[in-house]
Structure formats: structure tokens, C-alpha cells
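Below is one structure; the comments refer to it alone.
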Number of protein chains: 2
Amino acid sequence: MGQAQLAAVPEPKYWHLRTVLLRTIDTEFSTGQVIPNERELSARFGVARATLRQALDQLELEGRLVRRRGIGTLIAAPRVGVPVSSSEEGWPSTSRSQAWRIVDCTSAPASPQLATALGVPAGETVHTVRRLRLAQGLIVATESLHVPDSAVPHLPALPQLVGSTEGERARSVLRQLERVGVDGESRSVELGVAEADQAVLLERPPGTPVLVVTTQYAAAGRKVAVAVCTYRADTCKLTFGESGGVEVSPVTAVRSA
Amino acid sequence: MGQAQLAAVPEPKYWHLRTVLLRTIDTEFSTGQVIPNERELSARFGVARATLRQALDQLELEGRLVRRRGIGTLIAAPRVGVPVSSSEEGWPSTSRSQAWRIVDCTSAPASPQLATALGVPAGETVHTVRRLRLAQGLIVATESLHVPDSAVPHLPALPQLVGSTEGERARSVLRQLERVGVDGESRSVELGVAEADQAVLLERPPGTPVLVVTTQYAAAGRKVAVAVCTYRADTCKLTFGESGGVEVSPVTAVRSA
DNA sequence: AAGTGGTCTAGACCACGAT
DNA sequence: TCGTGGTCTAGACCACTTT
């Protein structure tokens, strides 16, 4: 990598450093390579390690770097395009794509907030299926799918499910939901950070930035499910619309134009 | 606060601090209030100011706090729901909603990346309209709308536009684009940080986290425009689907359930 | 054991907004 | 001028991975 060159301008050091590093990794490094360690870089640029780390923090937030404790700092792979478009992608089709992996399934009375979101009376039984979403073999998201009991009337009663595994119970919920069908969905996307439990599932430390996608599913004019899907912001680019799956063109690059 | 857990991995101080602060601001503060300053808080919790700031950084990333230099740290207002759904919302209807404010308009040969994204030969003239998006009187996003010259054949030639203001030129581009119509769009959303120019427009410091929405518009099977829209991640929740505008229910709260 | 990133400290000074 | 958050320093120790 290049050598120290810091302008004495109103621009903060860490921001200038980020710019220099960004240009360097764009021109002299490729995906998967490890860059020099933090102590060496801070010495080379003549700044404190904390300042250098501030620059690396930015680049990590942008998904350009990945830092692994005990290993080093690596050039990140380009973000994976993850389709979040029509029902077909995220919907509980247990068959087809292996893109989802069931974690567990619980049934409990709805909290007030959840009841409101689902449009059911507080306290009604709600089945919650937790799943992991995979893309290209990597975990990219966790999902909590909440289904009020009244939306899946043909679900076997709880007592009959004693002895069945969580996976089986989860699959029955999904199957029943499929039978109901969906004729509408509304969605929101916002930035969040992973709490402890999410962080474990995503194999990331707590506080990891995530894109929280909340989807409300409707059938015959009433809400039948709410899904809260938590995507790793560092590795995911959410895609919507007709062009499912892989991106048609590297539009991301337009940003720097 | 003090817990005797068997955690083989001790929770970092800043993360525990975040949890405590989050509970405090949820129960004892309301939107717009200023919380005690950093020096006092760090003293009160018996940690270094840098550690306290690490906790505040998290809460700011989550959109729960707003820090203003010279003023203090305030409880943030809930995120504003911004419709990014059908063409109607984001589309250049110069009339109707006052939700967009034109910044400038330039015409230049397409960079290679931009040409690829638009599906035109590199070097073709591309008109770029920059706009601000407002919601509830606040700036929530900037947009760069790229339109290849070949997609708007009836646009007055450049020489004829000499003397016209940028605003007028921008409006003619938008008008022509409206005439062409749109029959398809594909979109992606990812996390980014605001560069210097974007930061100025968004009235935020460089490095501010943003949600980058890239939209490709098509008409008659060919791409007619690409829009790169940069939303302030701290204040925006992007909404898709039928329920435009305000959210139907406080689904966000489900996260903590 | 050695090397990496992660956390934490106790200071210092600067830029900004209000007074 | 004063109080605020923003930046920066020079260390220290810890947790993790590899050798």
C-alpha cells in the first residue's frame, strides 16, 4: 500500500484516511485478500490506532471490508443480491428452493404490539416460525413469521402436536399458510442493529447493522401473517421488482460516477 | 444492571450501557428531549467518555438519538415512513406533490458504469437531474436521475437551452420522461454512507449512514432511466406495496416483542 | 507463543451554537 | 465566553486464531 499523505484540511483525518484506503483497496487489492494489520497501518499513516479504526469502521459499514478477530482485515466480496420481491421468494414454500432453514417454532399469546400488527385481539394464540435465509450457501437473514391461530384454522391443535419436533410443527404452520393463500402484502425497510439473539443466528457480533424488512401479508382483506426479516447489511443488497435474483447490471457502481 | 450470568463471554460494557440507556429513554424521556451530556453520563456510569460514546453511536445508528454539536443529544422522533412503491411516488410528476425539490441538471457523456446500467454505448449524452425529496417538511433523500439522451428524443437540443435556468432544463427532462411513460421498474436497496456532496444536501456530516435505493425504469422493453436515491437511514423507513404513505400499524414495535 | 482485531482508559484540543 | 458533541492521542489489556 501507499505511504502517508494526510492533508491539513478541515476534513477529519479519519475521513480522509477512508478515502485513501478506499482508493487503495479498489486499485491494489481483490476480494478475500488481507490488508496490513491495524498497528502497521496506523504507524504507516502516522495516526493513532483509534483513528485508523474509525476509517476502517466506515469501510466495514459500506461492506467493503470484513474484520475477523485473530485473523485480520479482508477485502469483502461484493454484496449478494437478495430478492425480496413477490410472495414467491419469501413465502413458506417448504418444497422448492433450499433458501430457508427452519430454526424453531413456538406458539404463545400475542403481545399487544404483535396483536395490533396482526389485527387480532391481544392474547390470541400466535404461531411464530423462526427461519434462516441462505444465499449462495451463506446465512444472510433471520426471519420471524407470526401467524395468528385464527388464520390457520386447519392447523392440528397443540395437544395433538406433542411429540412432534419443532421442525414438523413449523412445517405444518407453513403448509396451512400456503393453503390460505395471499392476495396482498405491504413492506417496509429500515436500518437496525442486531440484538444478541439475532446476532447469534447471523453469526455476527451484537450491534451489527442490519436491514429490517417487515412484511404484512393479507388474504381476503384481512391480515394473515407478519414477517420480520433481518438481513445482514454488510453482505446483502435487497432487490425488488421483476428482475429477481441476480442483478441485471452492476448498478452499484453508478454511485461513484 | 449488575447481573450474575454464567456468560462465558462477558458482554462488552458499551453494549450493556446501550441496553440500559435504551430502557431509560423508552421509559423516562420523550421525543425532542435532551439527555444529560456525555461527560456527565460517562461519570455517572463510571466509564470513559469514549465508551459511553460507543453506546450512543449504536443508539444513533438505530435512529433513537440525534446528536447536535453545540446543543446536546436529543431523543429522536420515530422514523418517517417514506413510500418507495409504485412509479407514481418517485416519478417526475412536476405537478402534484411538493415532495421533490430540484437541485440542478447537467448533461454529460456517460461514464462506462453508467452506460452499462442504462444499456447505452459509453460516451452517449446522459441528462442528470438532481433532486431532494421532502417528507413532512424535512429533507429525507437526494436523487440523481440519469436519462440517456436517446430516451427523450423530443427534448430541446442543448444549444437551444442556453439561457434557460437549470430548473427549467430539469423540468423539460422530467416532462419528456413523463411523455415516454414507464412500464416496468426494478429496484435494489442497500446500506451506504453519505459522501461529501450527498452529505451537504442531506444536511448531515460525511459518513452518515444512508439507504441507497437504485431504480431502473423501463419503457417498451428498454431502459429509459436509472435513479439513485439516497435516503437518510436515521430518519427514514422505506415503505413498499399497496399501503402508501403512513404505515397502517406500528409494526416496528414487533421487533422488541 | 505470537499475532490479530476488540475493548477501554484518561486525558487533550477543536468546531459549533447559544449567551 | 461557555457548554456541547467531534476528533485525536498513546497507551493498556482482552479474546480469538493460528503456529
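Chain A is the first sequence line, chain B the second, and so forth, proteins listed ahead of strands; every chain is numbered from 1.
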field: Spacing of CG belonging to B:Leu74 relative to CD1 belonging to B:Ile35, to within rounding of 0.5 Å
entry: 8.5 Å
statement: Its contact letters, B for base, S for sugar-phosphate only and - for none at protein heavy atoms under 4.0 Å, make nucleotides 13-19 of chain C read B-BBSS-
Side chain of [X] only, heavy atoms from C-beta on: which candidate in [options] is closest?
X       : options              : value
B:Thr73 : D:dT9, C:dT9, D:dG5  : D:dG5
A:Gln54 : D:dC8, D:dG5, C:dG6  : D:dC8
A:Lys13 : D:dC8, C:dA10, C:dT7 : D:dC8
B:Arg53 : C:dG6, D:dG6, D:dC8  : D:dG6
A:Tyr14 : D:dT7, D:dT9, C:dT9  : D:dT7

query: Does atom CD of A:Gln33 have more than 12 heavy-atom neighbours from other groups under 6.0 Å away?
result: yes
Measure [atom1]/[X] against [atom2]/[N] and give the value in whole Å, please.
X       : N      : atom1 : atom2 : result
B:Leu52 : C:dT7  : CG    : P     : 15 Å
A:Leu56 : C:dT4  : CG    : P     : 14 Å
B:Arg18 : C:dG6  : CZ    : C1'   : 18 Å
A:Phe45 : D:dC8  : CZ    : P     : 14 Å
A:Asn37 : D:dT17 : CG    : P     : 18 Å
B:Glu38 : D:dG3  : CD    : P     : 16 Å
B:Leu41 : D:dT4  : CG    : P     : 11 Å
B:Glu11 : C:dT7  : CD    : C1'   : 13 Å

- prompt: Where do B:Arg187 and B:Thr215 land on the side chain to side chain donor-acceptor pair (under 3.5 Å) test, with the steps shown first?
  reply: CA-CA 4 Å; B:Arg187 218 175 247 111; B:Thr215 309; 3.2 Å; yes
message: Looking at A:Arg53 and A:Glu38, is there a salt bridge between them, counting it only when a charged N and a carboxylate O are closer than 4.0 Å?
response: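 So A:Glu38 pairs with A:Arg53 through a salt bridge.
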Heavy-atom closest contact (A:Arg79 atom, A:Asp234 atom, distance):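 It is NE-O, 3.2 Å.
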message: Assess the residue pair A:Arg18 and B:Glu195 against the criterion (salt bridge (Lys or Arg N to Asp or Glu O under 4.0 Å)); give the C-alpha distance rounded to whole Å, side-chain angles, the decisive distance to 0.1 Å, and a yes or no.
response: CA-CA 11 Å; A:Arg18 165 198 169 273; B:Glu195 304 273 341; 2.8 Å; yes
- prompt: Pick one: which of A:Val212, A:Thr142, A:Val213 meets side-chain contact (heavy atoms from CB on, under 4.5 Å) with A:Val228?
  reply: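 For A:Val228, the side-chain contact (heavy atoms from CB on, under 4.5 Å) check succeeds only for A:Val212.
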- prompt: So, is B:Thr51 close to the C:dT9 phosphate, meaning a side-chain N or O under 4.0 Å from OP1 or OP2?
  reply: yes
